[in-house]
Amino acid sequence: MTEHAPTPSDDAGDGDAATENDVWSRRSFVRYLAPVSIAIPIVVETETLVGLLQNDFGENSAWTQPTGVSVGIGGDLRPDLNTREKLQNAALEAVEDGRRLTLAVAVRNTTDAPYRLALGAVTTDGGETVEGGYTTDPVAPGETTSFTAEYVLPADATPASVETTVTIGNQPSERTVQLAPVPTQ
Amino acid sequence: MTYVDDFPGEARVVRTAFAVAFASIGLGGALGVLQALFRTGYSRSLFSAVDYYSVLTAHGVLMALVFTTFFIVGLFAWGVTRSLDTGFRDLRFTWGWLALMTLGTLLAFVSILGGIVGFIPTHAAVLYTFYAPLEASPTFYLGLALLVVGSWGAGVDYVLTLRDWRADNPDERIPLQTFMAVSTMLLWFVCTLGVAVEVVVFLLPWSLGLIPRVDPLLTRTLFWYFGHAVVYFWLLPAYFVWYTIFPKLSGGRLFSDPLARVVFVLFLVLSTPVGVHHQYGDPGLSQGLKFVQMTSTYFILLPSLLTAFTVVASMEHGARQRGGEGRFGWLRALPWENPSFSGIALAGLAFAASGFGGMVNAGLNVNALVHNTMWVPGHFHLTVGTAVALTFMAITYWLLPQLTGKRLRLRTLAAVQPYLWFVGMVFMSNAMHRIGLAGVPRRTSEPQYEQVIFNTPIASIGELHLQTVGGAFLLFASLLCFLAVVGSTWLGERGAKPLAVNGHIPSALSGPEHSPRVLDDFRVWVALTVLLLLIAYGPPLAAMVQNGLFAPGSAPIPA
């Protein structure tokens, strides 16, 4: 009975297996299950892979957004510039006519020219545009300042992005900055 | 003559072990569906968010620890006695270890149940990875200790049977099935030492109030010393099936016996010194140690890749024996209607996919992305939940007639069952992986937070939850099919029809005579295993003990 003792039937393959499989061969419909079952993970995993690639590299993906990644509390609003625009705080608070979004920003002018930062409209996750914002006074080279901008969003809306304009000398630079999920107070 | 005629006493032992295993998977599977419904938010009325953790513990313990261990000791009992063509030396000893395992299981399960029902004064919502600081009732730890000690008895039984056989056959090579069973049990002896020390020296005295505190890092390290190698304790019995029975089911023979032996030796040597890759996020372990164990973890891919080659080659050989032709056309010649074949083939496919996820888990840096997320249970359900569990279910269709002397019944249901399981797991596991990529945590009853929005890469969280629950229901339907076939066969009439299966396993194309005899000398491989373990775990464990055995930062105890 030990399996390493060859028998004549071994040399010609396993006749027992053929006999054993015969009792299953009437269920030929099951044979169609095999290609279908193997096709399902191929479809599901291909969809996953394509979705992941689209998420990173497709249209409207984070990759193609102006700032590359969403900015959360402590993040740099304009990492594309040498200046510093830090999102010090962000909060959502329920108010009578909707939800108040507060963005607190600290800036440092690291250039040799006069500098100004403007926060413009906010776009919600539903695609609505909420006007508002704040524009700093000119900031001298090497100086810092901070400010708070407030917006009132519709109830249940969350902020998705905010328009920013940095003006160095007379050269404005505009970007739409994607916002990370903002904590609710 | 079939196995039950040749070894009626041993067949009874195997049947009893399988009965406990199948009861566990049935109950554990039902709890799994409830858990999926709760977590995804479809139904939260059956139990509370706190009770969820007891349900989760019961699901994990029943499926990952009880079902697997009982099936494995039964499978190996069959394999050892069949391949050596001899019964166990004393069946009273055999029944003794099986009774100990069963008692331990009941004790542990009742302890978990105490967390849900009020009249049992125990609790054990510690998950099946039961390390500190979570604490369970002493009965839970005692139950698991008995389960492990009982399984050691099984290993001793196999080794003693092999020793007797060698005394009678001094010049023979160890039959492959026995070689595999003994290698796996040696691995089990080595790796369970860690969890035995964790439970007996720390957790049990702690839960009894004999010691005031334990060092979470030390107990976690001892757990994971065991906790990764246990995966191979589950997997190697599946390999046992893939190597020794699957080629026959394909219509051919194993490609290489020596390669199979090398694979099992590699697993014995390499499985345990890799556990720290479960602790990449733990403070108190050096980055250097983590890097070394990451490297060891990648070494262990080698025997799995060897297995993929050997098993697929054996399958192709079988298909060509059956008339299959062409580069891929031979696949059509395989017996896809036979659930023993299809279940194992699909299990192998799932394991190949999960291997890539395992490489992500093993990476020191990439692991941080997925570690505490649903990605990990998604991976785990592909490996243990499919590669192992589906293999065990599939081979039951082939083994059960030999163990009972009864022809398999409800064959159409059996033929469909592996496909249902595979497709269900594809949906559920895929959703779990994707949810994990969005950062949704694992081990959490209600994974939603007011201040956090999970950004899923593809599809919404709601869609992925639906996919998870759909997959879970397909899996449960498949499980019910399996239990119906097993129950119906078991209750059937013996000898009414021919069995249509037999235990003959054809010899390998390349037999053991093509390999050096040192492969069969377990002393060499155990010595090498111990040496590697001393290198991998000696320094960190010594440092933890020096830092205070029970209270980190204190003087060593005894001072």
Side-chain angles (χ1 to χ4, degrees), chain A residues 1-45 47-56 61-62 70 91-92 125 158 160 178 180-185, chain B residues 6 82-85 172-173 175-177 244 247-253 257 317-318 321-322 332 335-339 341-342 345-346 349-350 353 398 411-412 415-416 419 422-423 426-427 430 433-434 437 450-453 455 457-459 500-508 511-513:
Chain A
M1 193 177 275
T2 52
E3 63 259 30
H4 60 278
T7 66
S9 67
D10 287 345
D11 297 331
D14 188 35
D16 293 333
T19 310
E20 290 185 14
N21 287 320
D22 283 347
V23 300
W24 297 100
S25 59
R26 285 184 294 115
R27 294 160 182 80
S28 57
F29 72 94
V30 177
R31 291 183 72 87
Y32 298 107
L33 275 176
V36 171
S37 299
I38 291 168
I40 286 172
I42 292 171
V43 170
V44 169
E45 296 301 332
E47 185 210 352
T48 304
L49 179 63
V50 170
L52 282 169
L53 292 174
Q54 280 180 340
N55 190 59
D56 278 347
S61 71
S70 300
L92 273 173
D125 55 346
T158 54
Q178 305 301 308
V182 175
T184 306
Q185 290 185 332
Chain B
D6 291 333
R82 191 211 67 83
S83 62
L84 296 179
D85 199 13
E172 292 280 325
R173 296 297 297 270
L176 185 57
Q177 285 194 327
T244 66
K248 168 200 170 93
L249 298 172
S250 305
R253 297 154 62 183
D257 173 300
H317 169 72
Q321 293 291 310
R322 294 164 58 86
R332 285 199 300 271
W336 294 101
E337 310 91 339
N338 182 343
F341 172 84
S342 63
L346 295 172
L349 208 57
W398 185 78
R411 301 177 88 92
T412 301
V416 173
Y419 295 98
F422 181 73
V423 172
V426 164
F427 283 125
N430 174 272
H433 278 90
R434 283 155 70 170
L437 285 179
E450 198 175 321
Q451 297 182 358
V452 175
I453 297 166
N455 293 315
I458 321 125
V501 290
N502 67 63
H504 171 70
I505 293 176
S507 61
E513 65 277 8

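Computation of the quantities below employed the complete heavy-atom set of this structure, encompassing side-chain atoms and omitting hydrogens, waters and symmetry-equivalent molecules. The structure displayed is predicted, hence computed values, not measured ones.
Heavy-atom minimum distance, Thr48(A) versus Arg434(B): OG1-NH1, 3.3 Å. Looking at every heavy atom in both residues, Glu45(A) comes nearest to Asn430(B) through OE2-ND2, 3.0 Å. Of all non-hydrogen atoms in Pro41(A) and Phe422(B), the two that sit nearest each other are CG-CE2, 3.7 Å.
Ile42(A) CD1 to Leu349(B) CG: the interatomic distance, rounded to the nearest 0.5 Å, is 8.0 Å.
Taking 4.5 Å as the limit, some side-chain heavy atom of Phe427(B) sits within range of a side-chain heavy atom of Ile40(A). Under the 4.5 Å side-chain criterion, counting only non-hydrogen atoms from C-beta, Trp336(B) is not in contact with Leu33(A).
With respect to chain A, the highest number of heavy-atom pairs below 4.5 Å among Ala353(B), Ala415(B), Ala350(B), Gly511(B) belongs to Ala415(B). Ranked by heavy-atom pairs shorter than 4.5 Å toward chain B, the options Gly51(A), Ser37(A), Pro35(A) are led by Ser37(A). Of the listed residues (Ala345(B), Pro339(B), Ala459(B), Gly318(B)), the greatest number of heavy-atom pairs within a distance under 4.5 Å of chain A belongs to Pro339(B).
Interface remark: Val423(B) contributes side-chain atoms only to the contact with chain A (heavy atom separation under 4.5 Å). Contact annotation for Thr412(B): both backbone and side-chain heavy atoms come within less than 4.5 Å of a heavy atom of chain A.
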